[in-house]
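The block underneath contains the structure these notes are about, expressed in structure tokens.
Quantities reported herein were computed from a predicted structural model and do not represent experimental measurements. Atoms within a ligand are numbered from 1 in the order they appear, just like the ligands themselves.
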Amino acid sequence: MAKPFKRLLLTGAAGNLGKVLRPRLAQWADVVRLSDIVSITPANSGEEVVQCDLSDKAAVNQLLDGVDAVLHFGGISTENTFEAILKANIQGTYNIYEAAHLHGVRRIVFASSNHAVGFYEQNQFIDAFAPTRPDGMYGLSKVFGEQLGRYYYDRAGIETVCIRIGSSYPEPANPRMMASWLSYDDLQEALRCSLFTRRVGFTVLFGTSDNPVKWWDNKHASHLGFHPHDSSVRFLHLFPESGAYPDPDDPMVRYVGGTFVTTGPIYE
Ligand code: NAI
Ligand code: 15L
């Protein structure tokens with residue numbers, strides 16, 4: 001049976017989520033083009049491997065040649081210096097959009113992050129129209145990436161879904177992640193909805209599973225039809241109720257972004 005796409009591009013393919021997604025994307029495209037700045041294990045059938053620095057504009061232009069849609073997961077994924085973030089995330093994401101425009105790519109799914117809104121407190125419930133509150137240079141770069149999506153949709157009609165991923169791991173690693181956890185299956189489902197919904201315009205989707213504690217309201221992304229199937233409820237035993245209240249100023253307890261709020265360079 002014919003697959004929906006001829007060629008999908010995944011950036012950040014050598015990373016944690018890239019490795020998880022690699023085998024899951026094959027069903028959607030005749031060819032999955034896998035790219036990263038570091039080397040990637042050799043291409044299987046139905047794959048192409050392209051080693052490329054996202055900050056290299058000419059290389060990124062070539063990377064998008066013949067691509068139908070982009071899953072942009074590449075870049076620096078935690079707090080770092082402004083200079084490093086500038087190259088990989090800000091210049092890198094700009095290069096992706098410019099190349100998409102040049103090659104007539106119609107849709108980009110951008111791996112944004114909860115750190116675009118990391119300075120909200122954990123007792124607030126926000127939706128995608130709430131102002132961003134980045135918690136460091138990394139979060140700021142995600143806000144910039146999202147705004148590139150906004151601009152290139154308004155100016156050039158390139159559609160974007162920004163998935164503000166919470167914490168995508170095999171299981172929550174701490175009590176904070178009981179709220180932010182996104183299972184790999186639900187990440188795949190979020191990508192499926194982002195790729196196959198006929199019209200998305202510019203959409204921001206909070207990427208979490210159906211966890212018992214919720215910080216984010218996805219009402220402005222309801223047209224995507226994303227309904228997570230997993231829940232962190234099955235990991236409650238990892239973090240039993242203790243009856244002891246933690247320090248209210250502990251960032252892991254107070255802020256959505258957890259310790260990211262204190263690792264930004266302003267504190268150095
Ligand atoms: P990761 O750090 O394991 O993977 C990122 C990949 O990007 C790495 O393989 C790295 O080599 C590559 N990369 C870095 N700089 C590059 C450059 N200049 N040019 C080309 N490639 C470059 O991160 P992970 O966990 O796989 O995350 C993937 C994406 O999802 C990232 O954009 C991250 O910000 C985002 N995200 C991930 C979350 C998670 O829970 N894993 C949560 C929120 C967002
Ligand atoms: C992110 O944006 C990071 O890429 C990831 O490493 C996790 O720390 C995640 O957010 C999180 O907030 O748990």
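Below 4.0 Å from some heavy atom of Ser112 lie the following atoms of ligand 1, by number and element: 43 (C), 44 (C). Interface of Ser168 with ligand 1, defined as ligand atoms under 4.0 Å from a residue heavy atom, comprises 39 (C), 40 (O), 41 (N). The ligand atoms of ligand 1 that sit less than 4.0 angstrom from a heavy atom of Ser167 are 40 (O). Close approach of ligand 1 to Ala88 (heavy-atom distance below 4.0 Å) involves ligand atoms 15 (N), 18 (N). Close approach of ligand 1 to Gly166 (heavy-atom distance below 4.0 Å) involves ligand atoms 40 (O), 42 (C), 43 (C).
Annotation: atom 36 (N) of ligand 1 to nearest protein heavy atom, Tyr138 OH, 3.9 Å.
The proximity of His72 to ligand 1, defined as any non-hydrogen pair under 4.0 Å, does not occur for either the backbone or the side chain.
If you check each of Gly75, Gly74, Ala116 against atom 5 (C) of ligand 1, the one with the closest non-hydrogen atom is Gly75.
Within 4.0 Å of ligand 2, the residues that place a heavy atom are Ser77, Thr78, Ser113, Asn114, His115, Tyr138, Gly166, Ser167, Tyr169, Arg176, Met177, Phe260, listed by chain and number.
For ligand 1, the polar-atom distance check finds an N/O of Asp36 within less than 3.5 Å of one of the ligand's N/O atoms. Remark: ligand 1 and Leu54 share an N or O pair separated by less than 3.5 Å (distance only, no angle test). In terms of polar-atom proximity, defined here as any N/O pair under 3.5 Å, Ile76 makes no such contact with ligand 1.
Using a 4.0 angstrom heavy-atom cutoff, Arg164 does not count as in contact with ligand 1. For the ligand labelled ligand 1, residue Cys52 lies inside the 4.0 Å heavy-atom shell.
Proximity of Leu148 to Tyr94: side-chain heavy atoms (C-beta onward) are separated by under 4.5 Å at one or more points.
No hydrogens or angles considered: a donor-acceptor pair under 3.5 Å links the side chains of Thr93 and His72. A donor-acceptor pair shorter than 3.5 Å can be found between the side chains of Thr160 and Tyr97. Looking at Ser183 and Asp185, their side chains never bring a donor and an acceptor atom within 3.5 Å of each other.
Phe196 has its ring centre less than 6.0 Å from the ring centre of Phe5.
More than 12 heavy-atom neighbours from other residues, nucleotides or ligands sit within 6.0 angstrom of NZ on Lys3. By the neighbour-count criterion of 12 heavy atoms within 6.0 Å, atom NE2 of His103 is densely surrounded, having more than that number from other residues, nucleotides or ligands.
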